[in-house]
Amino acid sequence: MGFCIGGHLSFRTALQPDVRATVCYYGTGIHDGKLGRDADAGSLARVKEIRGELLMVFGTKDPHVPDAGRATIDQALRQSGVRYSTKLYPAEHAFMRDEGARFDPEATDQAFAEMIALFRRVFA
């Protein structure tokens with residue numbers, strides 16, 4: 001069992017065989033491989049290693065994960081047969097951070113509810 005909230009690192013957590021459910025909020029760098037100083041961490045290339053269920057959460061106004069990036073992630077997940085869903089909100093990157101102009105309380109509540117629903121379903 002594993003639990004981690006946070007984009008690309010959550011995605012990497014999902015690669016562990018014992019992780020049953022993962023939520024990735026605005027996963028910067030998944031689509032192009034960038035992770036920290038690593039220009040290509042190869043995360044998306046390893047998508048077939050994911051055994052658990054995955055929830056991908058993005059803001060449609062997120063410049064770090066544009067439409068094309070989300071399409072790349074979706075295509076890789078679909079082709080690999082991973083059990084996943086993607087939720088899009090009309091919000092910016094880090095819209096759940098409850099400080100600053102990007103905070104979107106409505107999208108935050110909805111995304112949090114989706115996460116709880118996934119965990120209740122998987123871990124019940």
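Since the structure is predicted, the reported quantities are computational estimates derived from the model, not experimental observations.
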Novice: Verify side chain to side chain contact (heavy atoms under 4.5 Å, CB included) between V47 and L77, making sure each step is shown before the conclusion.
Specialist: CA-CA 7 Å; V47 72; L77 290 170; 3.2 Å; yes
Novice: What heavy-atom pair brings V82 and G52 nearest, and what distance separates the two atoms?
Specialist: CG1-O, 4.4 Å
Novice: Would you say the ring centroid of F95 lies under 6.0 angstrom from that of Y25?
Specialist: no
Novice: For D104 and P90, work out which heavy atoms get closest and say how close.
Specialist: OD2-O, 3.9 Å
Novice: Please answer whether the main-chain N or O of R51 pairs with a side-chain N or O of R83 as donor and acceptor at a distance below 3.5 Å.
Specialist: yes
Novice: Nearest 0.5 angstrom please: D40 CG to D32 CG, how far?
Specialist: 8.0 Å
Novice: Looking at R78 and D74, does any basic side-chain N land under 4.0 Å from a carboxylate oxygen?
Specialist: yes
Novice: Is there a side-chain contact between T72 and L44, using heavy atoms and a 4.5 Å cut-off?
Specialist: yes
Novice: For the residue pair L118 and T22, what are the closest heavy atoms and their distance?
Specialist: CD2-O, 3.9 Å
Novice: Quick check against the 3.5 Å criterion: does R102 have a side-chain atom that pairs as donor or acceptor with the backbone of R97?
Specialist: no
Novice: Consider side-chain contact (heavy atoms from CB on, under 4.5 Å). Of T13, L55, L54, which one does V23 pass it with?
Specialist: L55
Novice: Please report the closest heavy-atom contact between G7 and I30, naming both atoms and the distance.
Specialist: O-CD1, 4.3 Å
Novice: Could you check if a side-chain atom of D62 sits within less than 4.5 angstrom of a side-chain atom of E92, using non-hydrogen atoms only?
Specialist: no
Novice: Can you check whether A71's main-chain N or O pairs, donor with acceptor, with H31's side chain at less than 3.5 Å?
Specialist: no
Novice: Within the supplied structure, the quantity of interest is the number of heavy atoms (other residues, nucleotides, ligands) at a distance under 6.0 Å from E49 CD; does it exceed 12?
Specialist: yes
Novice: Assess whether side chain to side chain contact (heavy atoms under 4.5 Å, CB included) is satisfied between F123 and R20, documenting all intermediate values.
Specialist: CA-CA 8 Å; F123 298 115; R20 295 171 46 201; 3.7 Å; yes
Novice: Atom CD of Q110 and atom CE of M115: how far apart are they, to the nearest 0.5 Å?
Specialist: 14.0 Å
Novice: Any side-chain heavy-atom pair from R70 and L88 closer than 4.5 angstrom?
Specialist: yes
Novice: Given side chains that start at C-beta, do those of L35 and L9 come closer than 4.5 Å, heavy atoms only?
Specialist: yes
Novice: Not counting sequence neighbours, list each pair that qualifies as a ring pair (Phe, Tyr, Trp, His ring centres under 6.0 Å) and has a residue in residues 42-74.
Specialist: H64-H93
Novice: Which pair of heavy atoms, one from S43 and one from R12, lies closest together, and at what distance?
Specialist: OG-CD, 2.9 Å
Novice: Determine the interplanar angle of the H8 and F11 rings, folded into 0 to 90°, and report it as parallel if under 30°, tilted if 30 to 60°, perpendicular if over 60°.
Specialist: perpendicular
Novice: How close do S80 and K48 get, heavy atom to heavy atom, and via which atoms?
Specialist: CB-CG, 3.7 Å
Novice: I need the M56 CE to S10 OG distance, nearest 0.5 Å.
Specialist: 9.0 Å
Novice: Out of curiosity, does F103 fall in the hydrophobic cluster containing Y89 (side-chain heavy atoms, cut-off under 4.5 Å, transitive links)?
Specialist: no
